[in-house]
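For the numbers below, each heavy atom of this structure counts, side chains included, while hydrogens, waters and symmetry mates do not.
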Amino acid sequence: MAVKNNVTQLIFTGLFQDREAQRVSFVIFLPVYMATMLGNGLIILIVNISKSLSSPMYFFLSHLSLVEICYSSTIVPKFISDLLVENKTISLDGCMTQIFFLHFFGVAETFLLTVMAYDRYVAICKPLHYMTIMSRPVCRVLVFGSWLGGLIHSLVQILITVKLPFCGPHVIDHYFCDLHPLFKLACTDTFVEGIIVFANSGLLSVISILLLISSYVVILVHLRNQSAEGRRKALSTCASHITVVLLFFGPATFLYLRPSSTFTEDRLVAVFYTVVTPMLNPIIYTLRNAEVKNAVKRLWSKKVNLGGE
């Protein structure tokens, strides 16, 4: 039986109702999005052209930056352009598309962060076998599995959602399309769909968090027998990853692993993980990693020398 939708267009309430606040937000978030594109693009570039960044860790980092670019571009351009208009509209098909890619790239990032934790575990706890265990074919399989996992998860979410009938109202109390705000607009009971979506997202999040915690617990136990200098070097390579994990999972856990609401702080937290966090990741990895900083300096020196010729 075909789904009957009287609603073909949806309206966002936006981040703020005040026009002045929206203009200020535009001035702030446009440079943030540009920095996200440039920063993550720079990491992808230097990892692919620098011979000193050929280890598996940087291979995973380049894919993480690619995910950040895709994830941010799913939401932020539409969000920024809506700050300049009074009627913030999106088609129902466009809304479904945004949800699909939001969950696709979001879960792909979750899996990539878990893979990167496993990479650090092997590097620190099994250093003599590191290049054998983390061979390039294995790394490609792990990255492919991360993208495939995101795709399967997103397909499940969207197949549940597209079957719902929407006959009004047509106002989404958010600045982008997500499952919980959209479910509130369905003209049918969505309790079962909500449980399935929660189980799908929650199970993936819990498993990923447990794997991440387990990796670092094993690493910390292993480091007890190392020298102070050895512990310092090992923890230094993990610090950037741990920071990124906290920035990613903290806001997402706050929003998705508790009952949904319409409070303004929920939208502000969403801004942090959809707009700000993708910009911070390349900064964190660049500032805390000497090899990445040296690669950036060499790239800049090469550009200056070419420009001076």
*Asks:* Report the residues that fulfil ring-ring contact (aromatic ring centres under 6.0 Å, His included) with Phe111, sequence neighbours left out, ordered by chain and then residue number.
*Replies:*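 Testing Phe111 for ring-ring contact (aromatic ring centres under 6.0 Å, His included), a comparison that skips the adjacent residues, returns none.
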*Asks:* Drop me the distance from Ile75's CD1 to Asp178's CG, to the nearest 0.5 angstrom.
*Replies:*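 Result: 7.5 Å between the selected atoms.
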*Asks:* Using only atom types and a distance under 3.5 Å, with no angle test, would you say the side chain of Thr97 pairs donor to acceptor with the backbone of Asp93?
*Replies:*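 A pair under 3.5 Å: yes.
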*Asks:* Grab the two heavy atoms, one from Ser73 and one from Pro77, that are nearest each other, plus how far apart they are.
*Replies:*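 Scanning both residues, the minimum pair turns out to be O-CD, 3.3 Å.
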*Asks:* So, taking the atom named OH in Tyr285 and the one named OG in Ser240, what distance separates them when rounded to the nearest 0.5 Å?
*Replies:*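 The OG atom of Ser240 is 6.5 Å from OH of Tyr285, to the nearest 0.5 Å.
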*Asks:* Verify side-chain contact (heavy atoms from CB on, under 4.5 Å) between Cys238 and Tyr216, making sure each step is shown before the conclusion.
*Replies:* CA-CA 9 Å; Cys238 297; Tyr216 282 107; 3.6 Å; yes
*Asks:* Are Leu212 and Met57 grouped together when hydrophobic residues (ILVMFWY) are joined by side-chain heavy atoms under 4.5 angstrom apart?
*Replies:*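 The answer is yes; both residues are in one hydrophobic cluster.
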*Asks:* Which Ile, Leu, Val, Met, Phe, Trp or Tyr residues join Leu203 in one cluster when any pair of side-chain heavy atoms under 4.5 Å counts as a link?
*Replies:*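 Besides Leu203, the cluster holds Ile207, Leu211.
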*Asks:* Going from CD1 on Ile219 to OG on Ser214, what distance comes out if it is rounded to the nearest 0.5 angstrom?
*Replies:*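 The distance works out to 11.0 Å.
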*Asks:* Sequence neighbours left out, cut at 3.5 Å: what donor-acceptor pairs do the side chains of residues 15-23 make with other protein atoms?
*Replies:*
unit_1	atom_1	unit_2	atom_2	d
Gln17	NE2	Thr13	O	3.0
Asp18	OD2	Glu20	N	3.2
Asp18	OD2	Ala21	N	2.9
Arg19	NH1	Gln22	OE1	3.1
Arg19	NH1	Val85	O	3.2
Glu20	OE1	Arg23	NH2	3.0
Gln22	OE1	Lys88	NZ	2.8
Gln22	NE2	Phe16	O	3.0
Gln22	NE2	Gln17	O	3.4

*Asks:* Between Val76 and Phe176, does a side-chain contact (heavy atoms from CB on, under 4.5 Å) hold up when you go through it step by step?
*Replies:* CA-CA 9 Å; Val76 181; Phe176 65 93; over 6 Å; no
*Asks:* Quick check for you: to the nearest 0.5 Å, what is the distance between Leu10 atom CG and Ile172 atom CD1?
*Replies:*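 Leu10 atom CG to Ile172 atom CD1 measures 4.5 Å (nearest 0.5 Å).
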*Asks:* Provide the closest heavy-atom pair for Gly14 versus Arg267 in the form atom of the first, atom of the second, distance.
*Replies:*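 Closest approach of Gly14 to Arg267: O-NE, 3.5 Å.
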*Asks:* Is there a path of hydrophobic side-chain contacts, each under 4.5 Å between heavy atoms of I, L, V, M, F, W or Y residues, that connects Val244 with Leu246?
*Replies:*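 Yes: a chain of side-chain contacts under 4.5 Å links Val244 to Leu246.
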*Asks:* Would you check if Phe12 and Lys78 make a side-chain contact, meaning some heavy-atom pair closer than 4.5 Å?
*Replies:*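 Phe12 reaches Lys78 side chain to side chain.
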*Asks:* Answer whether the closest heavy-atom distance between the side chains of Phe249 and Thr110 falls below 4.5 Å.
*Replies:*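 In contact.
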*Asks:* Looking only at non-hydrogen atoms, find the nearest pair between Arg298 and Ser52 and report the distance.
*Replies:*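 Between these two residues, the closest heavy atoms are NH2-OG, 2.7 Å.
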*Asks:* CD of Glu291 to OG of Ser55: how many Å apart, nearest 0.5 Å?
*Replies:*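 If I round to the nearest 0.5 Å, the distance is 6.5 Å.
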*Asks:* Rounded to the nearest 0.5 Å, what separates atom CD1 in Ile152 from atom NE2 in His103?
*Replies:*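 It comes to 16.0 Å.
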*Asks:* So, for Thr243 and Ala239, which heavy atoms are closest and what is the spacing to 0.1 Å?
*Replies:*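 Closest pair (atom of Thr243, atom of Ala239, distance): OG1-O, 2.8 Å.
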*Asks:* Within the structure provided, determine whether Gln9 and His170 are in side-chain contact (heavy-atom separation under 4.5 Å).
*Replies:*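 The answer is no; the side chains never approach within 4.5 Å.
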*Asks:* Are Asp173 and Lys184 close enough for a salt bridge, meaning some N to O gap below 4.0 Å?
*Replies:*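 A salt bridge is absent here (no side-chain N lies under 4.0 Å from a carboxylate O).
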*Asks:* Step by step, work out the side-chain contact (heavy atoms from CB on, under 4.5 Å) result for Leu64 and Leu113.
*Replies:* CA-CA 8 Å; Leu64 181 66; Leu113 290 172; 4.1 Å; yes
*Asks:* Under the side chain to side chain contact (heavy atoms under 4.5 Å, CB included) test against Thr114, which residue among Ser215, Ser208, Ser146 passes?
*Replies:*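 It is Ser208; the other options fail the test.
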*Asks:* Output, in order, the C-alpha distance, side-chain angles, deciding distance and verdict of side-chain contact (heavy atoms from CB on, under 4.5 Å) for Leu182 and Met96.
*Replies:* CA-CA 9 Å; Leu182 186 62; Met96 295 291 183; 4.1 Å; yes
*Asks:* Please give me the minimum heavy-atom distance between Ala270 and His174, naming the atom from each residue.
*Replies:*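 Minimum heavy-atom contact is CB-CE1, 3.9 Å.
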*Asks:* What about Phe29 and Leu38, same hydrophobic cluster or not, with Ile/Leu/Val/Met/Phe/Trp/Tyr joined at side-chain heavy-atom distances under 4.5 Å?
*Replies:*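 Different hydrophobic clusters.
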*Asks:* If you group Ile, Leu, Val, Met, Phe, Trp and Tyr by side-chain heavy-atom gaps below 4.5 Å, do Val197 and Leu102 land in one group?
*Replies:*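 Yes, Val197 and Leu102 fall within the same hydrophobic cluster.
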*Asks:* Tell me if the aromatic rings of Tyr273 and Phe248 count as close, with their centers under 6.0 Å from one another.
*Replies:*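 Between Tyr273 and Phe248, the centre distance exceeds or equals 6.0 Å.
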*Asks:* Do Val115 and Val143 touch side chain to side chain, with heavy atoms closer than 4.5 Å?
*Replies:*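 Val115 does not reach Val143 side chain to side chain.
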*Asks:* Are Tyr175 and Thr274 close enough that some pair of their side-chain heavy atoms sits under 4.5 Å apart?
*Replies:*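 Answer yes - side chains close enough.
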*Asks:* Okay, side chain of Thr190, backbone of Glu193: is any donor-acceptor separation there less than 3.5 Å?
*Replies:*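 No.
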*Asks:* So, the side chain of Ser54 versus the backbone of Ser50: is there a donor-acceptor pair under 3.5 Å, distance only?
*Replies:*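 Not a single qualifying donor-acceptor pair exists.
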*Asks:* Looking at residues at least two apart in the chain, or sitting in another chain, which of them share a side chain to side chain donor-acceptor pair (under 3.5 Å) with Ser65?
*Replies:*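 Residues passing side chain to side chain donor-acceptor pair (under 3.5 Å) with Ser65: Asn40.
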*Asks:* Within the 4.5 Å heavy-atom criterion, are Leu185 and Val7 side-chain neighbours or not?
*Replies:*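 They are not in contact (no side-chain heavy atoms under 4.5 Å apart), so the answer is no.
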*Asks:* Quick one: side chain to side chain donor-acceptor pair (under 3.5 Å) partners of Glu109, sequence neighbours excluded?
*Replies:*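 Partners of Glu109 under the side chain to side chain donor-acceptor pair (under 3.5 Å) test: none.
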*Asks:* Taking side chain as C-beta onward, heavy atoms only, is Ile44 less than 4.5 Å from Ile69?
*Replies:*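 Ile44 vs Ile69: side chains touch.
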*Asks:* With distance as the sole criterion, is a donor-acceptor pair present between the side chains of His241 and Asp119 under 3.5 Å?
*Replies:*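 His241 vs Asp119: no donor-acceptor pair found between side chains.
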*Asks:* Not counting sequence neighbours, list each pair that qualifies as a ring-ring contact (aromatic ring centres under 6.0 Å, His included) and has a residue in residues 32-60.
*Replies:*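 Of all non-adjacent pairs touching residues 32-60, those that pass ring-ring contact (aromatic ring centres under 6.0 Å, His included) are Phe59-His63.
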*Asks:* Work out which heavy atom in Ala108 is nearest to a heavy atom in Val67; give both atom names and the distance.
*Replies:*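 The answer is CB-CG2, 4.5 Å.
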*Asks:* Does a side-chain heavy-atom distance below 4.5 Å link Phe104 with Trp147?
*Replies:*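 Phe104 reaches Trp147 side chain to side chain.
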*Asks:* Sub-3.5 Å donor-acceptor pair from the side chain of Ser154 to the main-chain atoms of Phe100, do we have one?
*Replies:*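 Yes; at least one donor-acceptor contact below 3.5 Å.
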*Asks:* In this structure, would Leu155 and Val107 fall into the same cluster of hydrophobic residues linked by side-chain contacts under 4.5 Å?
*Replies:*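 Looking at the clustering, Val107 is in a separate group from Leu155.
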